[in-house]
Amino acid sequence: MAEFDILVIGATGFTAQLVIKHLLEHHKDVKIALAARSLSKLDDVRQKLGVPSDVKSLTVPDLSTDSPELEEIVKTAKVVLSMAGPYALYGMSVATACVRAGVHFVDINGEGPSYYINLVKQLTYKASQTGSILVPSTGLDSLPSDIAVYKSVKGLRDNGIYSDINYSHTSFSGLIKGASGGTISSLLTMYDKTPKDQLRENRRDVWSLAPEVNSERAKLQNGEKLISYDNAVGKWGTPWLLGPHNIRVVYRSAALLPQLYSKTFKYTETLSHESFFRALLRGVMMALGGFLFATFPWFRALLQKVAPKSGTGPTPEQDAACSLVLDNTTKTVDGHEMHTRVTGKGHAGYSLTGIMSSEVALLLAKETPKKEGGVYTPASALGDVLIQELEKYGDFKFTTKLVK
């Protein structure tokens with residue numbers, strides 16, 4: 001019998017503190033424990049957040065390597081919510097320990113497909129044996145996109161429309177201000193630790209996270225155009241930083257939910273702008289910044305110097321000024337069209353990510369999904385029940401409209 005419902009590993013991080021705050025404010029009956037490499041830093045966090053004395057603190061070993069000590073720690077909980085990034089360095093060891101122990105695992109990975117691919121390839125079979133359910137990427141990367149598409153696809157089916165889907169597009173127009181030190185560190189690690197040929201291959205294959213790739217499935221890449229016009233929302237779209245990862249998570253959901261999606265399913269995602277000139281400027285800056293970041297180590301080193309320190313992020317005032325707005329349009333081959341809007345109040349990458357990842361972990365702790373062990377997406381693991389829970393917090397709203 002597990003001692004705790006949720007064990008938060010990496011509890012001193014900026015987003016982890018938002019997770020702890022959400023759990024303490026809204027789920028006081030849930031038994032949680034906090035774990036970090038430094039108990040002194042964890043004590044500072046406890047004091048800052050007013051964590052009750054009955055919430056236990058645990059120290060974890062070096063997370064860059066697998067160890068029996070780590071497995072003994074994760075065994076104390078029903079679900080491990082891993083907030084210790086970069087996941088390219090510290091993700092696999094925690095996930096592996098959870099799978100061996102039959103413990104559920106949640107993270108907020110958005111570093112790109114390499115780590116996620118390793119989860120799928122290395123842990124799927126063992127998880128099916130132990131019953132461990134793994135749900136990576138439950139923050140801004142990539143839960144809103146995944147759920148928006150799921151909501152549109154299921155909306156079509158619920159309206160008696162069963163024809164194949166050949167187009168789905170999401171535009172993000174929310175406001176984001178500020179970044180945490182952990183976010184920057186994760187991006188830097190992804191490029192510095194992943195072989196360049198692997199990065200190129202991952203970028204080419206939008207189905208890289210799918211359990212199997214069917215040759216009939218289209219390999220439509222995100223951001224093929226520097227700038228495009230989205231008729232559904234009446235805005236100009238450009239590629240954006242989170243798009244490539246979000247797209248691959250959505251395609252994994254399509255592969256895991258064949259009863260809803262179809263082999264003709266294609267998906268793209270862009271960042272929206274009101275004016276053509278702003279979109280053009282943002283598109284050029286993204287392309288140039290992406291080239292500099294991926295090509296030159298000196299540019300990444302410079303970014304590291306000016307980045308926020310670990311454990312810090314946007315101020316409460318910045319967070320409150322932010323919002324989440326996603327518009328998804330999904331069309332069938334015979335012309336039916338469903339529109340879904342996802343909105344939330346707060347910083348999508350931080351306070352709202354804290355809510356999203358916490359609620360995924362809570363549902364797993366309650367054994368809500370009656371599924372075999374394996375690596376799932378938010379949509380394929382929890383679907384409608386997750387939407388219902390999220391609408392209780394953060395002013396989350398998920399609205400659908402059958403256009404035609």
Side-chain angles (χ1 to χ4, degrees), residues 133 135-172 206-207 209-211 214 217-218 220 230 232-233 246-269 324-344 352 355-356 359-360 362-364 366 368-372 374-394 396-404:
I133 295 175
V135 188
S137 299
T138 63
L140 175 57
D141 314 61
S142 301
L143 189 150
S145 301
D146 190 37
I147 291 296
V149 178
Y150 169 83
K151 187 80 170 168
S152 287
V153 172
K154 193 165 186 297
L156 287 167
R157 306 318 188 200
D158 289 344
N159 277 276
I161 300 168
Y162 304 113
S163 48
D164 286 346
I165 296 167
N166 68 343
Y167 173 84
S168 184
H169 175 79
T170 298
S171 61
F172 178 89
V206 295
W207 290 94
L209 299 182
N214 190 307
R217 288 171 173 164
L220 182 63
D230 185 354
V233 295
N246 293 345
I247 282 174
R248 284 153 179 79
V249 172
V250 169
Y251 274 118
R252 179 166 177 80
S253 288
L256 293 175
L257 297 170
Q259 71 275 23
L260 290 179
Y261 299 75
S262 55
K263 290 181 180 179
T264 58
F265 178 81
K266 306 180 187 71
Y267 179 67
T268 54
E269 187 169 307
L324 170 68
V325 181
L326 270 82
D327 288 283
N328 174 261
T329 300
T330 298
K331 299 179 181 179
T332 63
V333 294
D334 56 358
H336 293 288
E337 181 177 327
M338 181 67 74
H339 179 263
T340 295
R341 168 164 280 199
V342 179
T343 59
L352 294 185
I355 294 171
M356 291 184 281
E359 293 304 316
V360 171
L362 283 164
L363 287 171
L364 292 181
K366 295 174 183 177
T368 299
K370 301 301 181 182
K371 295 182 177 294
E372 296 180 354
V375 183
Y376 292 86
T377 60
S380 63
L382 298 164
D384 293 330
V385 68
L386 175 58
I387 294 171
Q388 294 168 10
E389 290 303 306
L390 288 177
E391 286 184 326
K392 299 176 182 178
Y393 312 101
F396 272 107
K397 291 182 180 180
F398 302 81
T399 57
T400 56
K401 180 181 180 182
L402 184 61
V403 179
K404 56 183 176 180

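Quick caveat, the model's predicted, so the values are computed rather than measured.
- From E337, atom CD reaches atom NZ of K404 across 5.5 Å, with rounding to the nearest 0.5 Å.
- Side-chain contact check for L209 versus V249: some heavy-atom pair is nearer than 4.5 Å.
- The CG atom of D334 lies 9.0 Å from the CG atom of N166; values are rounded to the nearest 0.5 Å.
- Residues L362 and E389 form no side-chain contact, since every pair of their non-hydrogen atoms from C-beta on lies 4.5 Å or further apart.
- Residues T340 and N328 bring no donor and acceptor atom of their side chains to less than 3.5 Å of each other.
- Contact record, G383 with I147: O-CD1, 4.5 Å, taken as the closest heavy-atom pair.
- Across every non-hydrogen atom of F396 and L324, the tightest pair is CE2-CD2, 3.8 Å.
- Nearest heavy-atom pair, P136 versus P378, reported as atom, atom and distance to 0.1 Å: O-CD, 4.2 Å.
- Annotation for K397: atom NZ does not count as buried by contact number, only 12 or fewer foreign heavy atoms lying within 6.0 Å.
- The aromatic rings of F265 and Y261 lie perpendicular to each other, with more than 60° between the two planes, well past the 30° mark.
- The heavy-atom pair separating S253 from A379 by the smallest distance is OG-CB, 3.8 Å.
- Residue L260 holds its CG atom at 12.0 Å from OG of S152, rounded to the nearest 0.5 Å.
- The shortest distance between side-chain heavy atoms of S142 and R248 does not fall below 4.5 Å.
- For Y267 and T170, the side-chain atoms include at least one donor-acceptor pair closer than 3.5 Å.
- Partner L143 forms a side chain to side chain contact (heavy atoms under 4.5 Å, CB included) with one of V135, L382, V342, L386 and no other, that one being L386.
- Distance NE2/H169 to CD1/I247: 9.0 Å, rounded to 0.5 Å.
- Considering only heavy atoms from C-beta on, L352 stays 4.5 Å or farther from Y393 through its side chain.
- The two residues K331 and T329 make their nearest non-hydrogen contact at CE-CG2, 4.0 Å.
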Next on the checklist: Between D146 and N246, does the side-chain contact (heavy atoms from CB on, under 4.5 Å) criterion hold? Intermediate values first, please.
Outcome noted: CA-CA 7 Å; D146 190 37; N246 293 345; over 6 Å; no

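- Between S145 and E269, the shortest heavy-atom contact is OG-OE1, 2.9 Å.
- If you take OG1 on T332 and CE on M338, they are separated by 10.0 Å, rounding to the nearest 0.5 Å.
- Ring geometry for W207 against Y251 counts as tilted: the plane angle lies between 30° and 60°, on a 0 to 90° scale.
- Side-chain contact between T268 and K266: absent, with no pair of heavy atoms (C-beta onward) separated by less than 4.5 Å.
- Here the side chains of I161 and L402 are in contact, with some heavy-atom distance below 4.5 Å.
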Checklist entry - Please walk me through it: do S380 and T377 pass side-chain hydrogen bond (donor to acceptor under 3.5 Å, both in side chains)? => result CA-CA 5 Å; S380 63; T377 60; 2.7 Å; yes

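- Around atom CD of E391, more than 12 heavy atoms belonging to other residues, nucleotides or ligands sit under 6.0 Å away.
- Counting only heavy atoms from C-beta outward, the side chains of N159 and H336 never approach each other to under 4.5 Å.
- R157 has its side chain within reach of I165: a pair of non-hydrogen atoms, C-beta onward, lies under 4.5 Å apart.
- Note that the OG1 atom of T399 and the NZ atom of K151 stand 8.5 Å from one another [nearest 0.5 Å].
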